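Everything quoted here is computed from the prediction, not taken from an experiment. Residue numbers start at 1 and run along the sequence shown.
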Amino acid sequence: MNYRARYIHVNKASEQDQTEQRDLTEDSSDIFKAVFLTNKGTSQPDPVHPMDVQMAVFHCADGFLKQLMVTKLSQCQYALPLLVPDPFTQQIEFPLWTFRQINKSWKMTNTNNEIISQTQPIYKAETSMVFFFRFGSLSSSKSQLMNSLINERYNTFFHRNCAGSSRTRVLMDGVVEITWFCPSGKYDDKFTECVAFCNLHGDAGDHEKQLQILTEMASVNVVLLPRLDRDAKHAAKMQNLYRNRKPLICLFTEDDSVLTLMQKGKYKVGLKDRCQPTVSDELRKAIKECLSESSSTFRLEDVSKHSDIRVDEEDDNDCRRGREAAQQMMSLLKKKDLIEIKESFLPHQGKLWHQWSQKNKELHRPRADETEMEISKKHSAILKIRQQQHECEISNFMKLFIKEMSSHAERKMFFLKWLRILLDEYTSADLSALHHKYYEKWLTVLKLKEKQDECEKIKDEQAQLERISEDLQAAAFGLEHIMREISQIYESCLSIKKSKKDLQFHFSSLPSFAAEMMISGFPLELMDGDAAHVPVIWISAVLDQLKQKLGDQRVFVLSVLGLQSSGKSTMLNAMFGLQFAVSAGRCTRGAFMQLVKVSDEMKTQMNIDYILVVDTEGLCAVELGRSTRHHDNQLATFAVGIGNLTLINIFGENPAEMQDILQIVVQAFMRMKKVRLNPSCVFVHQNVTDITAGEKNMEGRRRLQETLDEMTKLAAKDEVCEAECFSDVIRFDVQNDVKYFAHLWEGSPPMAPPNPNYCENIQELKETIMSHASKSDEIMLIDLKDRIKDLWEALLNERFVFSFKNSLEISAYRKLETKYSKWSWSLRSAMLETENKLHNKIENETINEVEETDLQRELKTTSEEVKKSMSEFFEKDTDANILIQWKTSFETKIKDVEENVVRGTKRTLNEILQQRDLKKEIDAQMTHHENTLYEKSKELALKMKYKPKDEETLQKEFDLFWEESVKKIRRDTHSVKHIDALRDMKLLLSDIYEGSLPTDHWKEGSEYKDIFTVSSYSEYVVFKKSTKKGITEGVKEGYRTVKGTLRYTLKLSPVDESQIRVLVQDIVQQTDNLIQSFNISKMGYNISCIQQLTDYIINKVKQHQEGPVKYVFKNQFFMDLVLSICTRANKMITDQHRMFREANDPMLYVEKKREEYYSIFQTYCHGATSAAIFGKIICQKLKEPIEQSVYKKTSRDLTDEMRSNCESLNGNRSKLEKHILKTLAEVEDFDKYMNYMNNPRDHFKSFIRDEVSRYITDKFSVSVLPKMKENIKLLQQKIMKAAHESTEHVQVNSGDVGLWLKSFTQQLSDELIFSEKDLSGVKHDDVDDFSLLEDVIREEIIVIMFDISSRFNTETFPVNLDHKFRPDEILIDHFCQCCWVQCPFCTALCTNTIENHDEDHSVQFHRSIGLSGIHYKNTSNLSTHICTSAVANSNLYFYPYDSEDKIPWTEYRRAGKVYAKWSITPDLSVLPYWKWFVCRFQKDLEKHYNNRFEGSGEIPREWRAYSKQDAFESLDKYN
């Protein structure tokens, strides 16, 4: 805002050099001729008059812009339009609305010689008014003369001699301008009281209405005219003015007389040839004398009482209705004590809100030894306060406000402006009086302190000062307090989950009001300055509404910090045209935020859509008696944390004051560095005396850098951080990030305009901010909500860095994990296709080796697609700036996945190659038997060909032949026997532990313990001698050591229990992989499989107990472990062996083919050709490969579909776990819960299998069957295409049946396990009709496909698939390659989807540590502590395993080992799920652990209020 802008001269495009030259052909030595010639044609058209520009904009503007214009003109000490004729109709308008935001301050000396300060809205101020007007044309400037009276240095009124003026003007004639002289209370004031000056532009004789109104209202009339003639047209008007009792001063431009008193109150002054300062002094003297005798006062609002003028407020319907609504609200406040108004009309935000804020802080800062019972009581107390808030009635005042907020936008804007204007008017007098009272009392206290001998009196006076301070706080009443009431109505309704009866709308619509206000340019309270609390729920809801109304816009957050009254708000208002409160007595309390829209042009340059400006309360404030280092640190940390850029505002050059604020600021930035937030800062040094002195600025920068480095060292000690200088904490350029500002005012207020240098400094700072914004990582509106919540939640705790939880990072990482899951699935899925294709080729003997390069080539397309998807995600995602920190590590992880998939597939295929070679003898034998039967049945058919044959005869002949053939096969081969893996395992264990087991140990009916369900492994171990001192581990009082009378009876610690559980889970996982590697379905079962399993388990157990553990395992542990694993795997082994037996037992296999052989026998007997018979044989041979291929392809397709459509399986591991927990709650089976907690991997696998089974059953007819039919159809088409192309190939190349068969099998080698060797024993040399062969295959394949389709159902689908090809096993392989580490306290599972990840282990919400059996020392009381609340309590301790040194929960990482690898962030949220579980299964838990939830571990009553529905909803909230 630069007042010199009025004088900017605009050059026209055609304008050249102002100096024009003429080429004179005549005698250039004659001056008379030269002057005469140059006078011709040298005149130029007048430029546009600056006041015409101002008035043109004024006429075109709406009410809000007009008001803004006039407010800015007033701040620049320019005159303001008072009466404005319409340029077309000449109707006069009084723009009263434009004056409503202007306040004027002045100082006067009373009769006691005391200086009295006054601040009033200018429309209410009652002052004297001096009216200047003229008759006729004058040689002197009336406006210039008025300026000399008011302020010689500034042109309050624009006049003819101002820069940029012109001879013509269009829009100013008839305009009346007004300004006020405001005294400063000094001896050299021009006037001792506030005086208004009005100036009628143009000849007053042409503007009679304006003349009439102003002469009537004026205290003194001042008229300018050339001379006074009786015959002049204005003579009668002059006569009337002279005869009027009102003082009149006549200024004659053609008279040179001095000030002359014509009669009382009537003066004349001559202007001709007189010194301007002398005339001004005389005129000022005359005006003072007139004013001293005049009792007439002028009030701006009274102008509207005159008829025949249009008042803008009355003419605009929205403005009028907005005023009426605001006045209706204000009428309710009449005759009310200002100090008591908020308590009466805004009950939701008073004591109850302050109590809630205090309780919430107490909740986040636990006392010593605070239990979950006490934490729950605090939650209940907080909820009770919310209930009390909810029960408060909404005042009529608030009802009117809420009603009006639902009106249309224009009216609502006027209403809000009016309400703010009227509230300021209502409170200003009382606040001013209270501030004066506070100031007087403060001076009294200071004087008493100087005496130092009246202690009691000082205490009394200080108590009174505190009471005045409280009154000041209570008396502050503005729009922000009304919105605060709205926020508390909303928060109370949301907490109770119920709208209020006396609320006109559903409470969910309230945040929309605030969002609309922010969009319209109103600031919103971010931190309540009275309660020193952020209403996070309300702010989140408002930001949600902003996102809904604007879209998820890119935001750059600019915050400001500085000392109280250092000009922070003024600077922001000047920079962005904001509305932060800056008037005296209304300093910012707490923090406010306001949206600034970025122009379309700047959006592309800055990469943002909005700037969110956050203004904060002054640091080190003594106002209202509150000044604490903790509060300042909290505010600074919040402002710095929320901002992309923080302006550090320093006022003056006092090193001590600068040091105070810098220490606070440096500490805030250090905290940001420790929680990986990277804001930047700019220092603004205001009120610097000489900002142009380069050397001085360099010296100032050097001092600032030194101070910052010094403060950094001090803050580093407090924050336990290594930093030697400020640049170690934040990127900071002392040359570019330090700005020096001139004084705000050019001269002494109140008559001084803003300093143009200050305005230029503002513009420079704005450009610096834009530069920072263009380089900064913007934040989305939706993410801003999380940032505010994270910061505030961390600040509520005593240790910010330890407590800070970056929800944006967590959310971004979860998103990345989900993407990672999809990328890894794409690679696995593509490799499954490749593996299947190569598997077929191996079985068909078309390839004899598999190289990694072959697999990499097959995977190349998918790999490139994944890399492209990754690149786009990291570059284009809305959280790209956060995600970039993990880009390299995830690229490495995906590369590892690809390498592992390739290596794993190569290993699998090479095993198949080895097994193919091992099976060759078996396969050859089976093929020999099969082909022998074909040939013999063919021979029998030839014998029967010429004999009479009915079906019965054929059947009898075939049956005799079949029985003979089968007898021969049975005689020549061995059958594959049934197996009993469990029996084999028991026999093996008996051999290993011969003599050490009871004689009846393996008797029928004797049971072993299922090691997966035991509650403790203590009975399975024997402690080593070095542990006789006992083991202590647990919560503050410790636990786990139980002393007997004569000896120690030891129990395992939770860490030991967890280690053994991990050992068991790992052995289970590896034995599963081992069993699958045996490939029993292809190679058959052998007792050596059990031997290998046993050996592996023995070695793993030995390795574990030889490690750094304090125990060894009993034999019983090993036996129960082996039997539990074997029992669990028995079905898989049995099913796979069944498949091997069906495929490889000669008798079973041949018997299965009986119908096929009979069918071919019939065909021979009926005289079919060789081609027809060969075609039928081919189709019969294809039947089993087709079935396997269709099943595998359907399985893969179904797996892909479930990854997309199955709600529990279409995300990452966290989402899967949420569904597991929901299912567990639905079933309410305690044993399943314990299996989930003790054997999570096993439970996950079971859940996936159940989900897949359910999906197949539920979707069989709509999804599974159609997929199978589609795959059958596609395979049928491929077979027929292969047959047709083989026929063409043979015909083109004149080949035989061998060539046809070779071509046919090669084309199908990718799709089916089918090769020439399958037909090696079948004679087909005589086949020569290939068209007939093709037709037969076409007919027969349809029958085969129908047969396969008819046998396809929910039971046969999984049974007829190899174990590793089943959808559940494919999904298990995908989901279970993740982290399975459990919390050392509560055993919650780390949610990271990547195995062996680099980051700390973490889980979204922990549970009660009592669920893992932790109890208090020397008691049977299970603990109810939850990890996330325990780590928030600085007075709670636990004892690490094998240590007598207690560790504070807040420093749990100090315990080292497993503890150090976990990130547990304080979280005092309600977390209903596990609280519901504890209450629902209390008795089961107590029985399981043989302990009780009693004493210190008593379950809080509040936990029992949670329903299963609450548990479900909490899962949706926290996942």
Side-chain angles (χ1 to χ4, degrees), residues 821-822 824-840 843 858 861-862 865 1081 1135 1139 1179 1182-1211 1216 1219 1247-1282 1307-1314 1338 1341-1375:
S821 182
K822 290 179 180 177
S824 59
W825 172 250
S826 297
L827 293 170
R828 293 182 203 283
S829 182
M831 190 49 79
L832 279 172
E833 292 284 346
T834 300
E835 182 182 335
N836 183 64
K837 182 173 70 174
L838 295 178
H839 183 183
N840 293 341
E843 295 291 358
E858 292 285 343
T861 303
T862 305
E865 287 172 358
S1081 63
D1135 286 347
M1139 293 174 71
C1179 289
L1182 281 172
K1183 186 174 182 180
E1184 190 173 327
I1186 288 172
E1187 187 173 48
Q1188 274 301 307
S1189 177
V1190 168
Y1191 274 50
K1192 286 180 185 178
K1193 182 68 169 65
T1194 304
S1195 175
R1196 292 196 301 275
D1197 292 344
L1198 187 61
T1199 306
D1200 281 331
E1201 180 180 282
M1202 284 188 285
R1203 282 287 295 146
S1204 300
N1205 299 341
C1206 183
E1207 187 62 28
S1208 60
L1209 301 172
N1210 67 359
L1216 173 60
H1219 284 275
F1247 180 82
I1248 291 170
R1249 290 187 183 108
D1250 291 343
E1251 285 293 282
V1252 170
S1253 176
R1254 188 181 299 109
Y1255 190 89
I1256 290 172
T1257 303
D1258 294 345
K1259 303 279 185 179
F1260 189 79
S1261 58
V1262 296
S1263 181
V1264 184
L1265 196 57
K1267 277 184 176 54
M1268 188 275 298
K1269 289 181 177 178
E1270 179 64 22
N1271 288 329
I1272 283 177
K1273 181 181 175 183
L1274 289 172
L1275 194 54
Q1276 183 177 330
Q1277 290 171 354
K1278 288 177 181 177
I1279 291 170
M1280 291 316 305
K1281 182 184 177 185
Q1307 289 186 64
L1308 294 176
S1309 64
D1310 284 359
E1311 305 293 333
L1312 300 170
I1313 300 175
F1314 179 69
R1338 181 178 292 105
I1341 208 73
I1342 292 171
V1343 177
I1344 286 172
M1345 295 300 190
F1346 178 78
D1347 182 45
I1348 292 171
S1349 179
S1350 64
R1351 290 187 289 108
F1352 189 82
N1353 56 52
T1354 54
E1355 292 178 2
T1356 60
F1357 178 53
V1359 170
N1360 290 334
L1361 268 173
D1362 245 0
H1363 188 77
K1364 64 181 178 181
F1365 296 126
R1366 289 167 51 164
D1368 50 2
E1369 294 306 317
I1370 295 172
L1371 288 168
I1372 284 170
D1373 184 54
H1374 173 68
F1375 277 109

**Q** Among residues at least two apart in sequence or on other chains, which ones pass salt bridge (charged side-chain N to carboxylate O under 4.0 Å, His left out) with Asp1200?
**A** none
**Q** Taking only residues two or more places apart in sequence, or in another chain, which ones meet Thr834 in a side chain to side chain contact (heavy atoms under 4.5 Å, CB included)?
**A** Met831, Leu838, Leu855, Glu858
**Q** Would you please name every residue forming a side chain to side chain contact (heavy atoms under 4.5 Å, CB included) with Lys822, sequence neighbours left out?
**A** Thr818, Arg1203
**Q** Of the non-hydrogen atoms in Thr862 and Ser826, which two are nearest, and what is the gap between them?
**A** CG2-O, 3.6 Å
**Q** Would you mind listing every salt bridge (charged side-chain N to carboxylate O under 4.0 Å, His left out) that reaches into residues 1266-1278, with sequence neighbours excluded?
**A** Glu1201-Lys1267, Lys1278-Glu1311
**Q** For Ile1372, give me all partners under side chain to side chain contact (heavy atoms under 4.5 Å, CB included), at least two apart in sequence or on another chain.
**A** Lys1245, Ile1248, Arg1249, Glu1369, Cys1376
**Q** Kindly compute the distance separating OG (Ser1349) from CD (Glu1187), expressed to the nearest 0.5 Å.
**A** 11.0 Å
**Q** Would you list the pairs meeting salt bridge (charged side-chain N to carboxylate O under 4.0 Å, His left out) in which at least one residue belongs to residues 1256-1266, sequence neighbours left out?
**A** none
**Q** Begin from the C-alpha positions of Lys1193 and Leu1274 and carry the test side chain to side chain contact (heavy atoms under 4.5 Å, CB included) through to its verdict.
**A** CA-CA 11 Å; Lys1193 182 68 169 65; Leu1274 289 172; 5.9 Å; no
**Q** For the residue pair Ile1341 and Arg1338, what are the closest heavy atoms and their distance?
**A** CG2-O, 3.5 Å
**Q** Under the rule for side-chain hydrogen bond (donor to acceptor under 3.5 Å, both in side chains), what residues qualify as partners of Arg1254, not counting sequence neighbours?
**A** Glu1251
**Q** Which pair of heavy atoms, one from Leu1371 and one from Val1252, lies closest together, and at what distance?
**A** CD1-CG2, 3.8 Å
**Q** Can you list the residues that meet the salt bridge (charged side-chain N to carboxylate O under 4.0 Å, His left out) rule with Arg828, with sequence neighbours excluded?
**A** none
**Q** What are the two closest non-hydrogen atoms of Val1190 and Met1268, and how far apart are they?
**A** CG1-CG, 3.6 Å
**Q** Taking side chain as C-beta onward, heavy atoms only, is Ile1348 less than 4.5 Å from Ile1344?
**A** yes
**Q** Can you measure from CD1 (Ile1256) to CZ (Arg1366) and round to the nearest 0.5 angstrom?
**A** 8.5 Å
**Q** Please give me the minimum heavy-atom distance between Pro1185 and Ile1313, naming the atom from each residue.
**A** CG-O, 3.3 Å
**Q** For a side chain to side chain contact (heavy atoms under 4.5 Å, CB included) check, start with the C-alpha distance between Asn840 and Lys837, then their side-chain angles and the critical distance, and finish with the verdict.
**A** CA-CA 5 Å; Asn840 293 341; Lys837 182 173 70 174; 5.6 Å; no
**Q** From Cys1179 SG over to Ile1342 CD1, what is the distance, rounded to the nearest 0.5 angstrom?
**A** 10.0 Å
**Q** For Phe1260, check ring pair (Phe, Tyr, Trp, His ring centres under 6.0 Å) against everything at least two apart and list the hits.
**A** Phe1352
**Q** Any side-chain heavy atom of Leu1216 sitting closer than 4.5 Å to one from Leu1209?
**A** yes
**Q** Listed by chain and number, what are the ring pair (Phe, Tyr, Trp, His ring centres under 6.0 Å) partners of His1374, not counting sequence neighbours?
**A** Trp825
**Q** Does Phe1365 have any ring pair (Phe, Tyr, Trp, His ring centres under 6.0 Å) partners at least two apart in sequence or in another chain, and if so, which?
**A** none
**Q** Is a donor on one side and an acceptor on the other found under 3.5 Å between the side chain of Ser1350 and the backbone of Asp1347?
**A** yes
**Q** Can you list everything that forms a side chain to side chain contact (heavy atoms under 4.5 Å, CB included) with Glu865? Sequence neighbours excluded, please.
**A** Thr861
**Q** CG/Leu1198 to CG/Asp1368 distance, rounded to the nearest 0.5 angstrom?
**A** 10.0 Å
**Q** May I ask you to test the Met1345-Ile1279 pair for a side-chain heavy-atom distance under 4.5 Å?
**A** yes
**Q** In Å and rounded to the nearest 0.5 Å, what is the CG to CG distance from Leu827 to Leu832?
**A** 11.0 Å
**Q** Are any non-hydrogen side-chain atoms of Pro1367 and Tyr1255 less than 4.5 angstrom apart?
**A** no
